[in-house]
Undergrad: 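Take this structure, written in structure tokens, and hold onto it; I'll ask about it next.
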Amino acid sequence: MNDIPPAAAARTSRWRPRRPTTRRGQRWLAVLVFLLAAILLLIALWDWNWFKGPVERVVQAKTGRALQIGNLDVDLGRVTTIRADSITFANAEWARQPKMASADRVEIDVRVWPLLRGSVQLPEIRLTRPDALLQTAPKADQAGNWDFMGESSGGEPLQLRRLHIDDGRLQFLDERGRTNIQVAVRSGKPKQADAAPPLLVSGKGSWQGNAFTLNGNTESPLELTNSGQPFRIHLDGRAGATHAVASGTLINPFQFQRFKLQFRLSGQDMEDLYPLLGIALPSTPPYRLDGQLSRDHQVWQYQKFNGKVGDSDLGGDVKVEVGGERPRLTANLVSKRLDFDDLAGFIGAPPKTDGDETANAEQKAEAARLAAKPTILPDTPYNLGKLRSMDADVRLRAQRINAPSLPLDDMDAHLFLDDGLLRLEPLNFGVAGGDIRSTVRMDARRPQIATSLKASVRRVQLGRLFPDAKLAEQASGGIGGEIDLTGNGNSIAAMLGSSDGTVAVGMGKGHVGNLIMELAGLDVAESLKFLFTGDKQIPLRCAFADFGVKDGLMDSRALAVDTTDTLIIGEGTVNLKNEQMDLLLKPRPKDISILALRSPLRISGTFKDPGFRPDFKALGLRGAIALALGSIAPPAALLATFEPGPGKDSDCGGKYAK
């Protein structure tokens, strides 16, 4: 009974293992179903906000600032999109505003596979309503609130292709510099479909306490924290009447330490730049300049610029060094054609405003005010604070000068300013074929500026002093002289009105028109004759004027004109304080004239309205003049400044000087 046939035993052996295999398959199926259900359940219940805490803690550990994320979501794929809403980033501890940055939404596209080899590639970042505050620290030795990155982690740099900003706001705040810039930021349309969109900005605020507006764009703001890559910008700003346009590249714009830009600057008066830039410049007519503006940490340069100031062209290079006790300005300036009245701001006067002269509205009003005054010397006080605010080394050379009322040819001036001490060494002018070489020293380190002027006149040609060509033909001779004055006061009028020193000019051998001399002597017959029959030349032996100056009063020490036709000696005073003069010219004819009235000529009145009239009361002085003729020889010091010329009859004064 227990015997089982072999065939049956074989069938039994094959059938028994199949039952446990089926049970194992059922178990694996159950596991798979469970895992699938778990995955589906995990997907259904997954919340990416679980990662907010770890992300916020990592950011705070890296930057020292708190990051808060309202909602976090991720769309997985070969290019994964990380989406965060309601983001805020804390400000520096010293800042009064708690937030440095915030955004309604930030979307970051990340390529997944490059992450496996340590490369972070971001095809695009999209910001919705971002709001960022860049703020300088209250102390000069502290970094701004953007300095939170710490040491560089090294490795391959982040690669960002596109940045898109929708309705952004950026504020730059520098309380120590009285600067508050508020800018609206948005992305424009890219030039190509796959290109990074430009960044468009527009805003307003205050710079150094002065209101301004700003508009512009950048090619692509993708390397803002990469100090080795350029950041292209184009900005158009206005502060009052001052207009600036900057185009070029910045290196690390957050630090704003290095850049090179094409910079166009225009305005109504360069003096307006002082509150904006802290650079003390004189008042000028309207100007426009174009050049290369660059900065390398503490050194600013405006190179190869050219343009116009008033009716003058101006070009050259300017360097400003900051970071020291005072800014230092170094400049090398050249003008091919300088309109002389454009320099009036250096002496506190406005430029000319008549005809086609260039001037702003304030300068025109100031010119009208001065025109109504009885005096002509500039009385606008210098700003002592500006003279003490910076140091300077400025060279200005003018190749040609336009000055219709003055026979100026060219100019070479070198200005030094050191802690309130201003020196012009030299201040040289080419004048009527000769030159005036001078030095000026102004000490503004005291409440009243102490000023000294030394000038030498050499080889100025008498004929070229007359703008009219016919009159120029009637005169020749070289003029020389010396001026040595010191004074105290904060305006040109005050300086001259308190001055002490000497003023002496003279000329040697030459000639003048007989008509001029006869009219000066009021010889009626001779004057009428030469008015109707023509003129002739009279040899001039010498002419000179030597004044001593005390407290602004010029008192004649020697005054004479000696020709072969007429001898004139004079005396009198010129008051620099009240701008009045009283000079008496006493002629003695050397020829015989039928109607030789030859009365003395008195020059009196104010600088603005001088009067020339015969003084018949002085006719009785003729004898006294004859007795005093021996005094017409010029002082030896003055005689050395001009050439009396060769010949026995060339001695100044001739026999009358003996």
Side-chain angles (χ1 to χ4, degrees), residues 177-179 206-212 239-242 265 267-287 300 309-310 314 318 320-322 324-331 333 341-351 359-370 373 375-394 396 413-425 427 440-453 486-499:
R178 297 181 301 140
T179 297
S206 60
W207 178 274
Q208 300 287 341
N210 297 270
F212 82 102
T242 302
L265 184 66
Q268 293 297 301
D269 192 336
M270 283 191 181
E271 193 174 31
D272 296 340
L273 297 177
Y274 177 62
L276 294 173
L277 305 178
I279 301 175
L281 297 173
S283 178
T284 69
Y287 65 93
W300 297 69
V309 179
L314 186 66
V318 174
V320 179
E321 299 172 80
V322 298
E325 184 178 356
R326 293 175 302 277
R328 179 175 178 79
L329 171 70
T330 304
L333 309 176
D341 68 280
D342 290 336
L343 297 176
F346 281 93
I347 61 173
N360 60 45
E362 292 182 0
Q363 291 165 345
K364 291 179 179 179
E366 177 65 9
R369 184 187 71 83
L370 293 177
K373 292 179 57 179
T375 56
I376 61 173
L377 294 178
D379 59 359
T380 301
Y382 286 98
N383 187 324
L384 297 180
K386 289 173 62 176
L387 290 174
R388 300 165 181 169
S389 66
M390 61 179 289
D391 298 333
D393 181 350
V394 179
L396 171 60
H414 201 161
L415 180 147
F416 301 90
L417 180 61
D418 183 13
D419 193 19
L421 177 61
L422 183 148
R423 294 175 292 126
L424 282 165
E425 297 178 351
L427 175 59
V440 179
R441 186 179 188 273
M442 298 174 59
D443 190 348
R445 296 173 295 185
R446 57 185 70 184
Q448 292 289 318
I449 300 176
T451 302
S452 64
L453 164 66
T486 60
N488 294 279
N490 293 343
S491 68
I492 297 297
M495 294 171 187
L496 292 175
S498 63
S499 60

Undergrad: Can you tell me if CD on E425 sees more than 12 non-hydrogen neighbours from other groups inside 6.0 Å?
TA: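 Yes, because the 6.0 Å sphere around CD of E425 holds more than 12 heavy atoms from other groups.
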Undergrad: What heavy-atom pair brings P285 and G310 nearest, and what distance separates the two atoms?
TA: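 That would be CB-CA, 3.5 Å.
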Undergrad: Closest heavy-atom contact between T380 and S491?
TA: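 Closest approach of T380 to S491: O-CB, 3.6 Å.
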Undergrad: When rounded to the nearest 0.5 angstrom, what distance separates NE2 in H414 from CG in L427?
TA: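 H414 NE2 to L427 CG: 12.5 Å, rounded to 0.5 Å.
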Undergrad: Y274 and G385: which non-hydrogen atoms are nearest, and at how many Å?
TA: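 In terms of heavy atoms, the two residues are closest at OH-O, 4.1 Å.
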Undergrad: CD1/I376 to CD1/I492 distance, rounded to the nearest 0.5 angstrom?
TA: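 The CD1 atom of I492 is 13.0 Å from CD1 of I376, to the nearest 0.5 Å.
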Undergrad: Can you tell if the side chain of K373 reaches within under 4.5 Å of the side chain of D379, non-hydrogen atoms only?
TA: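 Yes. Closest side-chain heavy atoms under 4.5 Å.
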Undergrad: Is there a side-chain contact between L329 and W300 in this structure, where contact means two heavy atoms from C-beta onward sitting under 4.5 Å apart?
TA: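 No, too far: nothing below the 4.5 Å cut-off.
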Undergrad: Between R388 and R446, which heavy-atom pair has the shortest distance, and what is it?
TA: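 Minimum heavy-atom contact is NH2-O, 3.2 Å.
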Undergrad: Working to the nearest 0.5 Å, report the span between OG1 of T451 and OH of Y382.
TA: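 The distance works out to 8.0 Å.
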Undergrad: Which atom pair, heavy atoms only, marks the closest approach of S389 to A280?
TA: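 Closest pair (atom of S389, atom of A280, distance): OG-CB, 4.0 Å.
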Undergrad: So, taking the atom named CG in L417 and the one named CG in L387, what distance separates them when rounded to the nearest 0.5 Å?
TA: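 Here the interatomic distance stands at 6.5 Å.
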Undergrad: Measure the CD-OG1 distance between Q268 and T284 for me, rounded to the nearest 0.5 Å.
TA: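 With rounding to 0.5 Å, CD (Q268) is 9.5 Å from OG1 (T284).
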Undergrad: Can you check side chain to side chain contact (heavy atoms under 4.5 Å, CB included) on M495 and N488, steps first, answer last?
TA: CA-CA 5 Å; M495 294 171 187; N488 294 279; over 6 Å; no
Undergrad: Taking the side chain as everything from C-beta on, heavy atoms only, tell me whether Q448 gets closer than 4.5 Å to N490.
TA: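 The answer is yes, as the side chains (C-beta and beyond) meet within the 4.5 Å cut-off.
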Undergrad: Between the side chain of N210 and the main-chain N/O of L273, is any donor-acceptor distance below 3.5 Å?
TA: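 Side chain of N210 to backbone of L273, a donor-acceptor pair under 3.5 Å: no, none is there.
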Undergrad: Can you measure from CG (L396) to CG (L314) and round to the nearest 0.5 angstrom?
TA: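 Nearest 0.5 Å value for the CG-CG distance: 7.0 Å.
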Undergrad: Check the pair L384, I449 against side chain to side chain contact (heavy atoms under 4.5 Å, CB included), reporting the backbone distance first and the verdict last.
TA: CA-CA 9 Å; L384 297 180; I449 300 176; 3.6 Å; yes
Undergrad: Between R445 and L421 (side chain of the first, backbone of the second, donor and acceptor by atom type, cut-off under 3.5 Å), is there such a pair?
TA: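 No, the answer is negative, given that no donor and acceptor are paired below the 3.5 Å cut-off.
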Undergrad: Strictly by modelled atom types, are S283 and D269 linked by a side-chain donor-acceptor pair under 3.5 Å?
TA: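 There is such a pair (donor and acceptor under 3.5 Å, judged by atom type) between the side chains of S283 and D269.
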Undergrad: If we check side chain to side chain contact (heavy atoms under 4.5 Å, CB included) with R328, which of these qualifies: V322, V320, D391?
TA: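 Single side chain to side chain contact (heavy atoms under 4.5 Å, CB included) partner of R328 among V322, V320, D391: D391.
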Undergrad: Are any of the side-chain heavy atoms of L333 and V318 separated by less than 4.5 Å?
TA: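 In short, these two side chains touch, coming nearer than 4.5 Å.
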